[in-house]
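Each residue takes its place number in the sequence, starting with 1.
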Amino acid sequence: MPAKLSCQVCGADIEIPDDVLDGELVSCPSCGQKYQVVIQNGLIQLKIIKVEEEDWGE
């Protein structure tokens, strides 16, 4: 049965499949925030991925 974790940005449910791998990327279906899956001792957590904005050489 897939796990459900809450998005840290908008609070929507993110379904995590049973066969998810450590380091896999998932995104929130509501706001699009990207996360990296971290699995430690059988516990699944989501690490937010910061999207860097381009500075166009400024």
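- One finds the CD1 atom of Ile14 at 12.0 Å from the CD1 atom of Ile44 (value rounded to the nearest 0.5 Å).
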Which pairs of donor and acceptor atoms, one on a side chain in residues 23-31, lie under 3.5 Å apart (sequence neighbours left out)?
unit_1, atom_1, unit_2, atom_2, d
Glu24, OE1, Leu21, N, 2.9

*Steps toward side-chain contact (heavy atoms from CB on, under 4.5 Å) verdict (Leu5, Asp13)*: CA-CA 6 Å; Leu5 298 174; Asp13 284 342; over 6 Å; no

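- For Ile48, the side-chain contact (heavy atoms from CB on, under 4.5 Å) partners at least two apart in sequence or on another chain are Gln8, Val9, Gln33, Tyr35.
- Taking Asp22 as the reference, Val38, Ile39 meet the side-chain contact (heavy atoms from CB on, under 4.5 Å) condition, with sequence neighbours excluded.
- Atom-to-atom distance recorded for Lys47:NZ and Gln36:CD is 5.5 Å, nearest 0.5 angstrom.
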